[in-house]
**Q** 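Next up is a structure, given as structure tokens.
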Amino acid sequence: MLLVLMLTAVLVGCGTSSTVPITGRTQNLLVTDDEVLTLSYQEYQSYMQSAKLSTNATNTAMVKRVGQALASAVVSYLNKNGLAADAQKYSWEFNLVQDNQVNAFCLPGGKIVVYEGLLPVTQNEASLAIVLGHEIAHAVAKHSAERLSNAYRSQYQSTIIGAVAQGAGLGTGTQQLLALGTSLGSQLWTSGFSRKQESEADHMGLVFAAMAGYDPQVAVDFWQRMAAQSSGSGGLFSDHPSDEKRVKDIQGWMPEALKYYKSSNSTNKKAVKTIHIKTKK
């Protein structure tokens with residue numbers, strides 16, 4: 001076990017350290033931006049070949065308008081904070097697709113997809129900005145690269161533990177129990193880490209929306225509407241925080257976000273206008 005701990009420590013120490021914007025959290029990555037972006041663009045192209053773009057011109061224009069406002073604010077922030085090299089790696093693209101799921105996603109590099117089923121829940125552009133800010137935050141914080149790095153570490157650790165157990169002459173049953181314990185421990189740790197990433201994206205997304213001139217205070221009502229759409233989350237193996245924790249955390253970050261909102265150009269303030277969405281069933 002000492003050998004396992006030593007080798008694990010070596011794996012954790014390898015990689016490149018960086019700091020997440022806004023939150024200041026330090027992360028350690030085993031993969032490069034180029035590696036992640038290559039995989040991301042391949043996945044995005046594959047998805048878009050089968051996806052059906054929305055035929056609603058008004059809603060499509062809204063998604064692109066809100067997305068570009070956020071992208072401009074984020075790039076400006078990165079350029080002003082010594083992260084111009086990172087800002088140049090984004091190729092922003094915002095699409096609305098025909099899907100009744102209440103969801104959206106962002107791939108590394110700034111490829112963002114919104115499902116039509118989300119719009120009746122957002123109800124207004126400011127709330128849509130909260131969602132897109134959250135998705136953009138996943139890309140800016142390099143969460144995909146972090147998850148991929150952690151998956152590599154978990155795989156290496158399992159291989160090492162299995163080799164050590166076999167070398168120590170442990171019985172087959174004991175080896176299987178050890179492997180099961182390692183798997184459950186890894187799953188529990190991964191779920192907890194995913195919840196932290198989701199919370200970080202909530203935090204950063206709130207600030208990004210405020211930077212772009214959208215009132216961050218709409219986030220509380222929006223996430224409460226989202227909670228009404230879900231069956232609950234937040235268990236040990238859940239990869240998202242509970243609805244109650246999410247709203248409470250957002251309320252705690254609100255003073256910070258409001259500073260960015262108040263300091264943004266007054267002409268850039270976006271009205272909270274309710275929209276009525278009709279989607280095809």
Side-chain angles (χ1 to χ4, degrees), residues 5-44 67 70-94 104-112 130-157 186 189-212 239-241 246 249-250 252-253 256-257 259-260:
L5 291 174
M6 291 175 62
L7 291 174
T8 302
V10 171
L11 287 174
V12 171
C14 294
T16 302
S17 294
S18 60
T19 302
V20 178
I22 305 297
T23 67
R25 180 175 64 86
T26 300
Q27 58 187 180
N28 186 271
L29 306 176
L30 296 180
V31 293
T32 66
D33 289 340
D34 289 342
E35 290 171 333
V36 174
L37 290 176
T38 297
L39 293 173
S40 173
Y41 291 151
Q42 291 175 351
E43 182 65 25
Y44 179 71
L70 281 159
S72 296
V74 169
V75 168
S76 177
Y77 172 83
L78 294 176
N79 287 334
K80 291 178 181 178
N81 287 273
L83 297 170
D86 282 350
Q88 293 177 357
K89 295 178 181 178
Y90 294 100
S91 178
W92 302 101
E93 190 171 338
F94 301 88
F105 68 83
C106 176
L107 294 175
K111 305 301 185 183
I112 297 175
I130 297 298
V131 177
L132 295 184
H134 173 98
E135 298 303 333
I136 287 173
H138 279 307
V140 173
K142 301 182 180 180
H143 284 166
S144 292
E146 207 166 17
R147 291 191 183 193
L148 187 56
S149 297
N150 290 338
Y152 284 150
R153 289 191 179 94
S154 179
Q155 182 179 3
Y156 295 153
Q157 185 180 39
S186 176
W189 182 86
T190 300
S191 298
F193 188 80
S194 295
R195 290 196 296 272
K196 290 181 180 179
Q197 285 190 333
E198 288 298 322
S199 291
E200 186 169 62
D202 283 346
H203 182 180
M204 295 171 66
L206 194 70
V207 172
F208 288 159
M211 285 180 182
D239 57 3
H240 282 66
R246 177 166 247 160
D249 286 343
I250 286 173
W253 297 318
E256 176 190 2
K259 290 180 181 179
Y260 285 96

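Here the structure is a predicted model, which is why all the values come from computation and not from measurement. Values below: every heavy atom of this structure, side chains too, minus hydrogens, waters and symmetry copies.
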**Q** If you define the side chain from C-beta out and look only at heavy atoms, does anything of Pro108 sit under 4.5 Å from His143?
**A** no

**Q** Could you tell me which non-hydrogen atom of Ser91 sits nearest to which non-hydrogen atom of Tyr41, and how far apart they are?
**A** CB-OH, 3.9 Å

**Q** Gln42: what forms a side chain to side chain contact (heavy atoms under 4.5 Å, CB included) with it, not counting sequence neighbours?
**A** Thr38, Leu39

**Q** Residues in side chain to side chain donor-acceptor pair (under 3.5 Å) with Tyr44, at least two apart?
**A**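 Tyr44 satisfies side chain to side chain donor-acceptor pair (under 3.5 Å) with Glu93, Asn95 once adjacent residues are dropped.
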
**Q** Could you check if a side-chain atom of Asp202 sits within less than 4.5 angstrom of a side-chain atom of Asp249, using non-hydrogen atoms only?
**A** no

**Q** Kindly give the heavy-atom pair with the smallest separation between Ala145 and Val31, and that separation in Å.
**A**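 The pair with the smallest heavy-atom distance is O-CG2, 3.6 Å.
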
**Q** Taking all heavy atoms of Ser17 and all of Asn28, pick out the closest pair and write down the distance.
**A**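 Heavy-atom minimum between the residues: OG-ND2, 3.5 Å.
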
**Q** Only distances under 3.5 Å count here; give the side-chain donor-acceptor pairs of residues 71-87 to other protein atoms, sequence neighbours excluded, each with its distance to 0.1 Å.
**A**
unit_1 : atom_1 : unit_2 : atom_2 : d
Ser72  : OG     : Gln68  : O      : 3.0
Asn79  : ND2    : Val75  : O      : 3.2
Asn81  : ND2    : Tyr77  : O      : 2.7

**Q** Identify, with sequence neighbours excluded, every residue that meets side chain to side chain contact (heavy atoms under 4.5 Å, CB included) alongside Ile250.
**A** Leu206, Ala219, Val220, Trp223, Arg246, Trp253, Met254

**Q** Less than 4.5 Å apart, side chain to side chain, heavy atoms only: is that true for Glu35 and Leu29?
**A** no

**Q** Would you say Trp92 and Leu70 make side-chain contact, with heavy atoms under 4.5 Å?
**A** no

**Q** Which heavy-atom pair separates Ala257 from Ala210 by the least distance, and what is that distance?
**A** O-CB, 3.2 Å

**Q** Could I get the full list of side chain to side chain contact (heavy atoms under 4.5 Å, CB included) partners for Thr23, not counting sequence neighbours?
**A** Val20, Arg25, Glu200, His203, Met204

**Q** State the NZ-CG distance between Lys89 and Asp33, to the nearest 0.5 angstrom.
**A**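 It is 3.5 Å, given to the nearest 0.5 Å.
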
**Q** Answer whether the closest heavy-atom distance between the side chains of Ile136 and Phe94 falls below 4.5 Å.
**A**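 They are in contact (side-chain heavy atoms under 4.5 Å apart), so the answer is yes.
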
**Q** If you take all heavy atoms of Leu107 and Ala139, which pair is closest and at what distance?
**A** O-CB, 4.3 Å

**Q** What pairs with Phe105 under ring pair (Phe, Tyr, Trp, His ring centres under 6.0 Å), at least two apart in sequence or on another chain?
**A**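 In terms of ring pair (Phe, Tyr, Trp, His ring centres under 6.0 Å), with neighbours along the sequence ignored, Phe105 is linked to Tyr47.
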
**Q** Taking the six-membered ring for Trp, are His134 and His138 parallel (under 30°), tilted (30 to 60°) or perpendicular (over 60°)?
**A** perpendicular

